Structures are given as structure tokens and as C-alpha cells.
Amino acid sequence: MLVLLLALPATWGDEPKSKEGKKEPSPKEQYAALVKEFTTKQQALLADYRKAKGEEKQKLLGKYRTVGKDFADQFLKLAEDNPKDAVASDAYFWIVQNAVGSDVYKKASDKVMALLDGLSVKELLAKINRMQGNQAIYDAVLNRAEKDAKDPQASDLVAWVATHAYGMPVGGKAIDLLLEKYPNHESIEEVVGLLGDTEQGDPATKLKKILETTSQKKIRAAASLALGKVLAEKCDGLGDKPAESDKMAAEAEKYLSQAIDLYGNSNEAQRKEAEGELHALKTLRIGKEAPEIKGGDLDGKDFKLSDYRGKVVLLDFWGNW
């Protein structure tokens, strides 16, 4: 017993300590410290950027965008030193998110791709919801969503790809899948807005499909606005085909007017956007009479655009900041 009691104090409180006798931080604490250091450096660069001018401003912007590379090696070491700790996957995902182009990015990306198969759908969502992806990750996540289609959260994987990669082919595929299998998903309204701002694929067809399949007022309003914008944009490319342009404009006007009615007083900002788009369509598109412009010429003499009616006029708008 005496021997045992003498031995016990050597094991009590036996925790990892540094050479100075201080307790070593846990992997989780090391990760948090690195993230804090990275964020602090980013904020400092951003503050300097706001004060700088000219070329110095551009240099600081470049540093801000690539500051993650300075920390990539430390995050990789943390992951490799603690391969069985949950922090390892956090570190690999951090590198993919913040250190694109670093020397260790490829290695981290490969690790992330391997992790995607090992995580449950719920765990995977928790990881990707905090990050931007890349082509390989978007493909892998969408494939996982199709593989685990019966999982209740598979639709959230599809929505993540649809809203993060909407300007890429894989994003278009995700949007198609979302509209086909999950037309009532909460992200549909966001997807509708994205479709109105992209020229990828055939957004008009997708938006018309949404209008045909949904009865939700807010989604119908958003789809009508987005479709009106898409069609109005197409009118600009038909300046030498007035008949086709007028037909396209009439269709765009129909959907923009529909959006205004659907928004009503429920979303003033979106209704005003639709009203602005409709006003521009009716008055500013190619082929319409230019609106009146009044101003002063280089000699300070007042003039109106209508003073030059019947003449070829070149308007040069410029500004200096």
C-alpha cells in the first residue's frame, strides 16, 4: 500500500506541459488561436486598405485576398499532428476555404474530398455551410446528394450547390435538380433571384417552369421579377430587329407588372425594383425616344438634348472622383 501511495502523486494531474511548465493548449484551442490570428491580420489589412490610396491600396487588397496562404502551413501541421481529432477536418476545410493557391492547398483539398465520403449528410452540411467550395467539392457534394437522395437533408446539399455555384455548369445542374425534386425548398426564392442575374444556360425557361409549378406568392413574385429582368436584358440585343424586340419587351412588361402586383405592400424594396425595371423598359430601351437631358456645355451655356433633334448626337458621360 505504501508503495502504491507513493506512486500515485506522480500520475495525478499528469497533463501535457511545455518546457516552461505551462499546460499545452488543446488542438481545439490551437485551431481557435490560429483563426483569431488570421482574422486579426485580415482586419488590420482592411483598416490599412481603407486609409491607403493609389497603388498602395491595390497592393493591400492583394495581400488581404491572399493572407490565408501565410497560415496554410500552420493549419496543415495542426491537422497532421492531430489526425484523429475532429480539429483535423476543420483545419483541412479551412485551408480549402481560405488558402486557395497555397503550396498545401492540393493536399488539403484531397483530404477534404476523402472526408466528404466519411461524413454523414448532417455532418457534411455543418462543414460546407461555413465555406465556399471549388469545382471538385461542388461535384462531390452534388453526387453525395444524389447518392443519399432518401436522406431528409439531401435537398439541403443540392440547395448549397445551387446557391454557391450558380454561375457554373454544376450549379445549373443543381438548380435543375432542386426544381425537379424539391420545388418547395426554402432556398428556391434565393435561386430565383440568382437566375435573374445570370446568363448561364436558359434562365428564362427555368423561371417559367417555377411559375408553372409553384403557388407560393413570394416565390411567384420573385420569379416574375427575375423573368422580367431576363427578358428585358434580351431586348438590348435585338436593337436591329425592332419587331422581335417589341415582342420580347411586351412579354417582359407582362412579368414585371405581375411582379409589382404580387409584391404589393408586402415587400416595398422588391416592388420598387420591379417598378424601376418596368420604367426603364418602357422609356430607355434601344429604339425608344431618348429622355430629355438638360445641362451646361463646356462654355457654361445651358442646352437641352431636344435642341439637337434631327441631328446625330454623341453623348459622353464621365466622372472624376
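The structure presented is a predicted model; accordingly, all values stated were derived computationally and were not measured.
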**Considering all heavy atoms, the nearest S155-L178 contact** = O-CD1, 4.1 Å
**Request:** Locate the shortest heavy-atom distance separating A88 from P83; write the atom from each residue and the value.
**Result:** CB-O, 4.1 Å
**Fill in**
In this structure, CD1 of I210 is separated from CD of E189 (nearest 0.5 Å) by 11.0 Å
**Item:** Atom pair CG/CD of D73 and E80 - distance to nearest 0.5 Å
**Value:** 9.5 Å
**Message:** Main chain of G62, side chain of T66: is a donor-acceptor contact present, judged purely on distance under 3.5 Å?
**Reply:** yes
**Message:** I'd like to check the ring pair (Phe, Tyr, Trp, His ring centres under 6.0 Å) partners of F75; sequence neighbours left out, ordered by chain and number.
**Reply:** Y31, W94
**Asked** Are I128 and V141 side-chain neighbours, meaning at least one heavy-atom pair lies under 4.5 Å?
**Response** yes
**Asked** Under a 4.5 Å cut-off applied to non-hydrogen side-chain atoms, are R271 and E275 in contact?
**Response** yes
**Prompt:** What is the distance from atom CG of L119 to atom OG of S89, rounded to the nearest 0.5 Å?
**Reply:** 6.5 Å
**Side chains of Q258 and R220 in contact at under 4.5 Å (non-hydrogen atoms)** = yes
**Prompt:** Is it true that a side-chain atom of N267 and a backbone atom of Y263 form a donor plus acceptor pair closer than 3.5 Å?
**Reply:** no
**Request:** Flag yes if more than 12 heavy atoms outside D103 fall under 6.0 Å of its CG atom; otherwise flag no.
**Result:** no
Using atom types as modelled, flag every donor-acceptor pair under 3.5 Å from a side chain in residues 248-255 to any protein atom, sequence neighbours excluded.
| residue | atom | partner | partner atom | Å |
| --- | --- | --- | --- | --- |
| E251 | OE2 | K208 | NZ | 3.0 |

**Item:** Spacing of K41 atom NZ and K63 atom NZ [to the nearest 0.5 Å]
**Value:** 8.5 Å
**Prompt:** Looking only at atom types and distance, does a side-chain atom of S120 sit under 3.5 Å from a main-chain N or O of E123, one as donor and one as acceptor?
**Reply:** yes
**Asked** For P25, does its backbone N or O pair with a side-chain atom of Q30 as donor and acceptor, under 3.5 Å?
**Response** yes
**Request:** Check whether any side-chain heavy atom of P183 lies under 4.5 Å from a side-chain heavy atom of T214, and answer yes or no.
**Result:** no
**Message:** Quick check against the 3.5 Å criterion: does D85 have a side-chain atom that pairs as donor or acceptor with the backbone of V87?
**Reply:** yes
**Asked** Taking all non-hydrogen atoms of both residues, which atom of Q74 and which atom of D70 are closest, and how far apart?
**Response** NE2-O, 3.8 Å
**Message:** Here's a test for you: under side chain to side chain contact (heavy atoms under 4.5 Å, CB included), which of L115, D90, V112 qualifies with K127?
**Reply:** D90
**Asked** So how far is it from L125 CG to W160 CH2, rounded to the nearest 0.5 Å?
**Response** 9.5 Å
**D176 bridged to K206 by N-O distance under 4.0 Å** = yes
**Asked** Taking atom CD1 of I95 and atom OG of S102, what is their separation to the nearest 0.5 Å?
**Response** 6.5 Å
**Message:** Restricting to non-hydrogen atoms, name the atom on A154 and the atom on V121 that form the minimum distance, rounded to 0.1 Å.
**Reply:** N-CG1, 4.3 Å
**Item:** Nearest heavy atoms of A72 and V104, plus distance in Å
**Value:** CB-CG2, 3.5 Å
**Message:** Is the terminal nitrogen or CZ of K57 (NZ for Lys, CZ for Arg) located under 6.0 angstrom from the six-membered ring centre of Y49 and within 45° of that ring's axis?
**Reply:** yes
**Request:** Determine, stepwise, if the pair V96 / I137 fulfils side-chain contact (heavy atoms from CB on, under 4.5 Å).
**Result:** CA-CA 10 Å; V96 170; I137 290 176; 3.4 Å; yes
**Message:** Between D156 and H185, is there a side-chain heavy-atom distance shorter than 4.5 Å?
**Reply:** yes
**Item:** Salt bridge D81-K77, side-chain N to carboxylate O under 4.0 Å
**Value:** yes
**Message:** Please evaluate residues N98 and F38 with respect to the criterion side-chain contact (heavy atoms from CB on, under 4.5 Å), reporting the C-alpha separation (whole Å), side-chain torsions for both, the decisive distance (0.1 Å), and the verdict.
**Reply:** CA-CA 10 Å; N98 298 285; F38 163 74; 3.9 Å; yes
**Prompt:** Under a 4.5 Å cut-off applied to non-hydrogen side-chain atoms, are L142 and L157 in contact?
**Reply:** no
**Item:** Sub-4.5 Å side-chain heavy-atom contact between E146 and L177
**Value:** yes
**Message:** Under the rule for ring pair (Phe, Tyr, Trp, His ring centres under 6.0 Å), what residues qualify as partners of Y92, not counting sequence neighbours?
**Reply:** none
**Asked** Taking D297 for the side chain and G300 for the main chain, is one N or O donor matched with an acceptor at less than 3.5 Å?
**Response** yes
**Message:** Within the 4.5 Å heavy-atom criterion, are R285 and K288 side-chain neighbours or not?
**Reply:** yes
**Item:** Exercise: identify the closest heavy-atom pair between A162 and V191
**Value:** CB-CG2, 4.2 Å
**Asked** When you check the side-chain N and O atoms of S306 and E292, is any donor under 3.5 Å from an acceptor?
**Response** yes
